[in-house]
Amino acid sequence: MKMRLDHPNEMLTGLTGLGGLSQPDVGDPDSVRKQQSLGQPQQDIGDILQQIMAITDESLDEAQARKHALNCHRMKPALFSVLCEIKEKTVLSIRGVQEEDPPDPQIMRLDNMLLAEGVSGPEKGGGSAAAAAAAAAAGGSPTDSSIEHSDYRAKLAQIRQIYHSELEKYEQACSEFTNHVMNLLREQSRTRPISPKEIERMVAIIHRKFSSIQMQLKQSTCEAVMILRSRFLDARRKRRNFNKQATEVLNEYFYSHLSNPYPSEEAKEELAKKCGITVSQVSNWFGNKRIRYKKNIGKFQEEANLYAVKTAVDAANVSAQASQANSPATPNSGISSIPPHFIVLLK
DNA sequence: CGTTATGATTGAAC
DNA sequence: GTTCAATCATAACG
């Protein structure tokens, strides 16, 4: 199975666009420069670009020094307060882009499924519980089914491992990136006003972006699990016949209740226990048997006679004992020739 | 091989 | 929910 997982870096590039979004143009380096040369004629843009392009490693120190000088400029506090004022006015327009919806229904759905499948959640113990339940549902003799499912479990564990390592990677990348951005903002807050709310908003944006990637991961993991399930757990692919004794028991019941071959829930449970199969398998068997018997009664005649004799003997024994004990029991089982309305009266 | 038997699944019906 | 009918996919058989 191939897991299509997008690399975190891809979204990092996408995030930069979002980060700048709706950010008022009050604090870029350009405006700082303008503050410094407030009284002088406007500098040519080309000039500035030239300066930027001319920056080299050696000039970085110089730039740092200039920045420091800027911070210590006597006009700085006053300008900063002006910026704060502007910001105060524009901050109103920023609001309203804040509505959140933390309980994303889709991610909840995926989470639930991964949990049910044993991919997320507790280690091995919980993981094999789902597999064990599936094994029980698949039925068959317990000897060979465990071998098949060990393969399944190994594959599931593999998916699980990939899922968790990817998840961890994403989380690490997310916190790293968040830290980076926060540091950047904190650094910038020395030259432009940045409210804690803004930082919060930024962090929220980052987290949202990362959680959308997480959802992709969860989605593809779910897909992989579903494929695995259909490959290994689709019992149709590895059908095993019931053992002889089980079919014996089922046939016995079927032909001894031929007039009404519909076992009740309790009867099904008992048959299931006797045959070492599940209740739904019993239901399947009776469903198949009824339709196939009806379709070609002739073909089953021999079988019917065989079991009829068998149960007739049993019934004879039972009724003999019963009639010996007390009142004549109703030989209601077997190929009863008593009309339905009499049976009703006898109940 | 092809054929038949058989357990499971699916979709419609009640 | 169950049952029927058709169908699928495999096992068992010759």
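Given the structure is predicted, the values throughout are model-derived calculations rather than measurements.
Salt-bridge annotation for A:Lys169 and A:Glu166: present, with a side-chain N of the basic residue lying under 4.0 Å from a carboxylate O of the acidic one. Ion pairing of A:Glu303 with A:Lys289 is present here, as a side-chain N (NZ or NE/NH1/NH2) and a carboxylate O approach within less than 4.0 Å.
Distance from the side chain of A:Lys295 is smallest for C:dA6 among the nucleotides C:dT3, C:dT10, C:dA6.
Distance A:Arg239 CZ to B:dA5 P: 12 Å, rounded to the nearest Å. Regarding A:Asn260, its CG atom lies at a distance of 13 Å from the C1' atom of C:dT2, rounded to whole Å. Rounded to whole Å, atom C1' of B:dT6 lies 9 Å from atom CZ of A:Phe242. The nearest whole Å value for the distance from the CG atom in A:Leu250 to the P atom in B:dA5 is 18 Å. The CD1 atom of A:Ile291 sits 12 Å away from the P atom of C:dT7 (whole-angstrom rounding). Nucleotide C:dT3 holds its P atom 10 Å from the CZ atom of A:Phe286, rounded to whole Å. Residue A:Asn288 contributes atom CG, which lies 8 Å from atom P of B:dA8 at whole-angstrom precision. Atom NZ in A:Lys244 sits roughly 15 Å away from atom P in B:dA5 (whole-Å rounding).
Contact check, A:Lys299 against B:dT4: no side-chain N or O comes under 4.0 Å of OP1 or OP2. For B:dT6, neither phosphate oxygen OP1 nor OP2 lies less than 4.0 angstrom from any side-chain nitrogen or oxygen of A:Arg292. In this structure, A:Lys294 reaches the C:dA5 phosphate: one of its side-chain N or O atoms is under 4.0 Å from OP1 or OP2. Note on A:Arg290: a side-chain N or O is less than 4.0 Å away from OP1 or OP2 of C:dC4. For the pair A:Gln281 and B:dG7, the criterion of a side-chain N or O lying under 4.0 Å from OP1 or OP2 is not met. At the phosphate of B:dA8, OP1 or OP2 sits under 4.0 Å from a side-chain N or O atom of A:Asn284.
A:Lys268 comes within contact range of the sugar-phosphate backbone alone, with a heavy-atom separation under 4.0 Å but no base atom that close.
For A:Asn241 against C:dA12, a side-chain-to-base donor-acceptor contact under 3.5 Å is absent.
A tilted orientation is assigned to the rings of A:His180 and A:Phe177, their planes being inclined by 30° to 60°.
Between the side chains of A:Asn241 and A:Arg239, at least one donor N or O sits under 3.5 Å from an acceptor N or O.
A:Phe286 and A:Val279 are assigned to two separate hydrophobic clusters, defined by single-linkage of ILVMFWY side chains at heavy-atom distances under 4.5 Å.
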